[in-house]
> 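Questions regarding the structure given below will be posed in turn.
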Amino acid sequence: MSITVNYNNMMQHALGERGISDAELKAHEILAQSAHFQVEAGRGRGMQGWMDSPYDQSEVVKTIKSTASRIRKKFDSFVVLGIGGSALGPQAVFTALKHYYYNELPKKLRKGPRFYVVDNVDPDRMNALLDVIDVEKTVFNIITKSGATSETMSQYLIIIDILKSRLGDRAKEHIIATTSENKGNLIKLAQSEGFETFFIPGRVGGRFSELSPVGLLPAAVVGINISQLLKGARDMDRKCKSKYLAKNPALALATLQYISMKNGKNISVMMPYADSLKYIADWYAQLWAESLGKEVDKNGDVVNAGQTPVKALGVTDQHSQVQLYNEGPYDKVITFIEVANFRTDCTIPQGCEQFPDVNFLCGHTLSELMINELHATRYNLTRRGRANYTILLDAIDEYHIGGLLYLLQMQTAYEGAMLNINAYDQPGVEGGKDAAYALLGRNGYEDKMEEIRSAKPDVDKYIIE
Ligand code: PA5
């Protein structure tokens with residue numbers, strides 16, 4: 001495993017008085033070890049079934065591979081319909097590991113179906129999808145653990161209606177349901193309609209489910225080696241068995257973020273320097289925000305915990321957000337993801353000798369430019385006392401992506417334990433869902449509708465036309 005975590009630039013050693021001192025870090029060792037103990041004690045229990053994902057899936061992996069190989073031979077497109085934890089992982093892993101313009105490649109280079117993730121209910125997007133796919137040559141993977149999410153179930157209803165009108169009884173061959181084995185409506189529909197199904201283990205929550213069938217089936221369909229993804233996760237898990245900060249990278253990062261939060265750094269920026277890792281930042285934003293943003297702790301005390309995640313992309317955001325990171329408030333921790341070896345490279349050709357200010361670029365490769373720009377940005381931020389650390393991936397392949405996802409999941413779990421909050425629920429999401437149900441006339445939500453009706457109406461003086 002070559003995933004290295006370098007946190008020099010979080011420490012006084014690099015940041016001067018704005019950094020964390022060795023003594024401060026040491027003073028948090030007991031808290032870190034207790035978080036480690038809690039997470040290990042919960043392994044495979046409660047909602048920590050995701051910690052078993054790297055180990056206990058050999059049977060389902062076999063089935064996934066055989067389903068994927070059938071789909072790869074027979075279909076032109078594969079569409080994931082889901083939202084939140086049921087969509088961000090498949091999108092992130094696909095973008096990380098496949099050709100950047102995969103869908104535009106000719107079939108003989110793609111070797112599998114085109115791939116789409118539709119994680120919203122924007123009608124224009126749904127209709128646009130229907131413009132570019134042939135539903136009769138498409139498999140739709142409906143992913144919802146609860147089997148009840150309005151957005152996903154609405155997408156399902158639209159698609160099944162189209163499929164049935166075109167294909168009649170053969171519609172079922174175009175749907176795969178990934179859902180809970182015995183909870184929610186999708187499983188009941190799947191059983192009555194005869195859809196192929198994959199199960200999301202009860203102890204694995206949405207945002208921790210990428211290494212379950214939620215992510216493994218879509219990945220296998222586009223030709224990603226899911227055994228290597230799981231192996232990467234397994235090897236990272238091995239590193240996380242240590243309770244020592246110096247050996248366990250996820251525990252070290254969680255502790256540094258914990259200290260930073262206590263010191264007023266309420267924003268966590270993730271900035272990969274690789275386009276293919278752009279959606280890893282999206283996936284992480286959900287993981288970090290939905291897991292740690294909690295009103296009360298496990299004792300019921302109001303804590304309003306959490307750190308706001310921000311997604312950025314190097315080098316692109318050097319020309320936008322980095323100004324703020326350098327000169328704005330000292331309220332951020334920046335996570336850089338650096339890639340040592342890109343899959344391909346481009347050399348900047350010679351031929352501009354007459355303009356020395358351009359010519360210095362000639363002969364370098366784009367990967368050199370990317371990496372040096374990261375080093376330069378990081379140097380400049382550090383010089384200005386801006387907290388940052390780097391996760392260095394040797395390469396962007398299945399093994400390292402599996403390891404990276406698992407590292408970030410472990411970091412989040414430790415962080416939840418240190419904050420003494422439940423990292424696996426999302427009560428803050430429920431209020432909005434209930435209000436939406438009421439507005440759309442769902443039975444049982446009449447009181448909610450009354451409450452909404454009696455809320456203070458907008459007044460004209462605050463509206464500008
Ligand atoms: O992390 C979570 O639990 C959420 O983001 C869910 O994944 C999201 O709300 C979708 O839920 P479901 O898979 O039940 O449709």
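Both counts, for ligands and for their atoms, begin at 1 and track the order of listing. We number each residue from 1, following the sequence as shown.
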> If the condition is side chain to side chain contact (heavy atoms under 4.5 Å, CB included), which residues does Ser276 pass it with, not counting sequence neighbours?
Ala274, Arg343, Ile396
> When the side chains of residues 417-425 are checked against the rest of the protein, which donor-acceptor pairs come out under 3.5 Å, sequence neighbours left out?
unit_1 : atom_1 : unit_2 : atom_2 : d
Asn422 : OD1    : Tyr424 : N      : 2.8
Tyr424 : OH     : Trp50  : NE1    : 3.4
Asp425 : OD1    : Lys294 : NZ     : 2.9

> Can you tell me how far the CG atom of Leu217 sits from the CD1 atom of Ile224, to the nearest 0.5 Å?
11.5 Å
> With hydrogens left out, which residues have an atom under 4.0 Å from ligand 1, given that only heavy atoms count?
Ile83, Gly84, Gly85, Ser86, Thr144, Lys145, Ser146, Thr149, Gly206, Arg207, Gln286, Glu290, Gln426
> Quick one: which residue pairs count as a salt bridge (charged side-chain N to carboxylate O under 4.0 Å, His left out) with a foot in residues 173-190, not counting sequence neighbours?
none
> For Lys111, I'd like to know if atom NZ has over 12 heavy atoms of other residues, nucleotides or ligands within 6.0 Å.
no
> Is it true that, when you exclude Asp301 itself, more than 12 heavy atoms of the residues, nucleotides or ligands shown sit nearer than 6.0 Å to its CG?
yes
